Amino acid sequence: MKTVKFFDTTLRDGEQSPGVTLIPEEKLAIAKQLEKMRVNVIEAGFPIASDGDYNAVKMVADNISEIEVAALCRCRKKDIDRAWDALKGAAKPRLHIFIASSPIHLEYKLKMTEDEVLNSAVEAIKYAKQYTDNIEFSAEDAARSDVDFLCRLLNAVIEAGAKVVNIPDTVGYTVPSEFGNLIKTIRENTPLIDQAEISVHCHNDLGLAVANSLAAIENGATQVEVSVNGIGERAGNAALEEIVMALYTRQDYYDLEITQDTTQIARLSKLVSNSTGMSIQPNKAIVGANAFAHESGIHQDGVIKERTTYEIMDAKTIGLEENKLVLGKHSGRHALKDFLEKYDYQLDDKTFNNFFKRFKDLADKKKNVSNADIFALLDNELYDYDKVYELEYISVMTGKGLLPTATIRLIKDDEVIQTAACNGDGPVDAIFQTINELTGIEDIKLMSYKVDAVTEGKDALGESFVAAEIDGKIYTGRSSQTDITEASAIAYLDAINKYLVYNKNNKKS
């Protein structure tokens, strides 16, 4: 059976979602999960954009060995040089070069003629070949381009050495039959098209990104560019999980073999949601909380009698399992390692030791520890970075008629710093303002704060999420604890630590 390649751009286009900033360690954690899912290519970033993006691409490239790692660049030599410098440590590097091709972009953005764009693209491909033969070319806004020029452009870059040509619907303008016909026309009118793979990159402005991508696959596209949870510019990209499961569930129709590990989907979706702070809507296809839920009595009756009456997919296929985990305060390291191996988690000794300590602390507080509890703890440990501040102690006093008071002790470089402050509109605000005073960071604005219960019951694990704007950039933090005040403090401190680490890395490069 034929296959289709999955090119994941969560770390590049996905991070371009408004309000999302990922530090390199977060990008690496997501990249490792994508590698575990067996996507074919990870687009790790746009190295020329910033030192932070360069560092993130380099970290991913240096640590991912099983699949290709791509970096985006314009048709400029300095872009290509910078991208290759970040990529060169990768086992399977790919340079992704783009230039716009639509009349509206040529006239208003590039101020170039069609021939100038074609020549610029060809020269960029030829220049990039000194580094690698694995080159992908994208004609930005291809869906609104003149088809004759588009075919001429694609033929020229293939002749110059491009191995993949990408047809983006950059602004989510096209509809499925139209986009499918465009791919068919390109195949029929580009003489050298058989020497390259055809890729598509669809945006979701009209809610048609997945449908357009599937139409392209039906008409000969062999690579599809996607993001986890469909995140990305404006309304986002085609969702990885939706296309994977559409092809998997309807193999009878598409006649394609799916080589991706679908059981990693739920974990990957949750990791991206936690890292970016972008919540998943309950009715989101495949990974939403309601995707496998049944409210109607008729539906419930049908599912009890035969699951397939109202479910076209088994929840276990995407990695959801509802069974309880028989682990508790008496469980040892071996039992926990067995669990990690069962779910294909690989932690280094330092990370495992941190995780084991947190697990034992949780087991002391909770009567029943569930899979959801364990996965929530793991999300805290999947990426590790050298934090500037660690929370050692927290105490909060509040009540009707009392001025909220927070006492907080932090550790910085083995030095203990502590203060108590009577301020804020409530206990959480008091915590945040006290942390501001201890860290000395004044230019900070709380953009989002929420607390959710990870599991059920009075001893549920509480997950706190914080998004804070510091020096004009958004940084996110999260933590799962049984005490929501502690979770809130750690999440807020996590955002500050990421800001400090991000700026430290930028200064180094």
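None of these values were measured; they are calculated from a predicted model. In this chain, residues are counted from 1 in sequence order.
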Of all residues at least two apart in sequence or in a different chain, which pass the side-chain hydrogen bond (donor to acceptor under 3.5 Å, both in side chains) check with Asp349? none
The criterion is side-chain hydrogen bond (donor to acceptor under 3.5 Å, both in side chains); which residues satisfy it with Arg94, sequence neighbours excluded?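 If we apply the side-chain hydrogen bond (donor to acceptor under 3.5 Å, both in side chains) test to Arg94, skipping adjacent residues, the hits are Glu68, Asn134, Glu136, Gln223.
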Does a side-chain N-to-carboxylate-O contact under 4.0 Å join [X] and [Y]?
X: Glu218; Y: Lys184; answer: no
X: Glu43; Y: Arg12; answer: yes
X: Glu15; Y: Lys27; answer: yes
X: Glu26; Y: Lys498; answer: yes
X: Asp81; Y: Lys78; answer: no
X: Lys109; Y: Glu140; answer: yes

Say you draw a straight line from [atom1] of [X] to [atom2] of [Y]; how long is it, rounded to the nearest 0.5 Å?
X: Ile231; Y: Leu240; atom1: CD1; atom2: CG; value: 11.0 Å
X: Tyr54; Y: Leu87; atom1: OH; atom2: CG; value: 10.0 Å
X: Leu268; Y: Thr10; atom1: CG; atom2: OG1; value: 7.0 Å
X: Met112; Y: Leu118; atom1: CE; atom2: CG; value: 10.0 Å
X: Asn219; Y: Phe179; atom1: CG; atom2: CZ; value: 10.0 Å
X: Asp494; Y: Thr476; atom1: CG; atom2: OG1; value: 7.0 Å

Looking at [X] and [Y], would you say the former's side chain and the latter's main chain have a donor-acceptor pair under 3.5 Å?
X: Ser145; Y: Asp141; value: yes
X: Ser269; Y: Ile265; value: no
X: Asn237; Y: His203; value: no
X: Thr263; Y: Gly319; value: no
X: Ser273; Y: Met278; value: yes
X: Glu35; Y: Ser65; value: yes
X: Asp53; Y: Phe46; value: yes
X: Thr439; Y: Ile435; value: yes
X: Asp443; Y: Ile470; value: no
X: Asn63; Y: Leu28; value: no

Results of salt bridge (charged side-chain N to carboxylate O under 4.0 Å, His left out) for [X] - residues two or more places apart only:
X: Arg152; answer: Glu114, Asp115
X: Asp85; answer: Lys88
X: Asp471; answer: none
X: Glu233; answer: none

Nearest non-hydrogen partners of [X] and [Y], listed with the distance:
X: Arg478; Y: Ser480; value: NH2-OG, 3.3 Å
X: Asn212; Y: Pro176; value: OD1-N, 2.8 Å
X: Ser213; Y: Val224; value: CB-CG2, 3.7 Å
X: Ala221; Y: Ile183; value: N-CG2, 4.0 Å

Looking at residues at least two apart in the chain, or sitting in another chain, which of them share a side-chain contact (heavy atoms from CB on, under 4.5 Å) with Asn436?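 Only Ile444, Tyr492, Ile496 meet the side-chain contact (heavy atoms from CB on, under 4.5 Å) criterion with Asn436.
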Please list, chain by chain and in numerical order, all residues satisfying side-chain contact (heavy atoms from CB on, under 4.5 Å) with Ala139, sequence neighbours excluded.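 Checked Ala139 against side-chain contact (heavy atoms from CB on, under 4.5 Å); matches are Ser101, Phe137, Ala142, Leu150, Leu153.
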Answer yes or no: does atom [atom1] of [X] have more than 12 heavy-atom neighbours from other residues, nucleotides or ligands under 6.0 Å?
X: Ile104; atom1: CD1; result: no
X: Lys36; atom1: NZ; result: yes
X: Tyr173; atom1: OH; result: no
X: Tyr248; atom1: OH; result: no

I'd like to check the ring-ring contact (aromatic ring centres under 6.0 Å, His included) partners of Tyr253; sequence neighbours left out, ordered by chain and number.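 With sequence neighbours excluded, Tyr253 shows a ring-ring contact (aromatic ring centres under 6.0 Å, His included) to no residue whatsoever.
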Provide the full list of salt bridge (charged side-chain N to carboxylate O under 4.0 Å, His left out) pairs with a residue in residues 185-207, sequence neighbours left out, each pair given once. Lys5-Glu197, Asp205-Arg234
According to salt bridge (charged side-chain N to carboxylate O under 4.0 Å, His left out), does anything in residues 166-183 pair up with another residue at least two apart or in another chain? List the pairs.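 Non-adjacent pairs meeting salt bridge (charged side-chain N to carboxylate O under 4.0 Å, His left out): zero.
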Should Lys284 and Glu242 be marked as a salt bridge (Lys or Arg N to Asp or Glu O under 4.0 Å) after you check the CA-CA gap, both sets of side-chain angles, and the distance that decides it? CA-CA 10 Å; Lys284 167 76 170 66; Glu242 293 181 24; 2.7 Å; yes
Any luck finding a side-chain donor-acceptor pair between [X] and [Y] under 3.5 Å?
X: Glu116; Y: Asn119; answer: no
X: Asp348; Y: Thr351; answer: yes
X: Asp13; Y: His201; answer: yes
X: Ser199; Y: Glu225; answer: yes

Between Ile318 and Ile286, is any pair of side-chain heavy atoms under 4.5 Å apart? yes
Trace of the side chain to side chain contact (heavy atoms under 4.5 Å, CB included) decision for Ile67 with Asn40: CA-CA 6 Å; Ile67 56 180; Asn40 303 93; 6.0 Å; no
Quick one: does NZ or CZ of Lys337 land under 6.0 Å from the six-membered ring centre of Phe352, within 45 degrees of the ring axis? yes
Assess Lys450 against Phe465: is NZ or CZ under 6.0 Å from the centre of the six-membered ring, and within 45 degrees of the ring's axis? yes
Write out all pairs satisfying ring-ring contact (aromatic ring centres under 6.0 Å, His included) with one or both partners inside residues 92-132, taking only residues at least two apart or from two chains.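 Residue pairs passing ring-ring contact (aromatic ring centres under 6.0 Å, His included), neighbours aside: Phe7-His96, Trp84-Tyr131.
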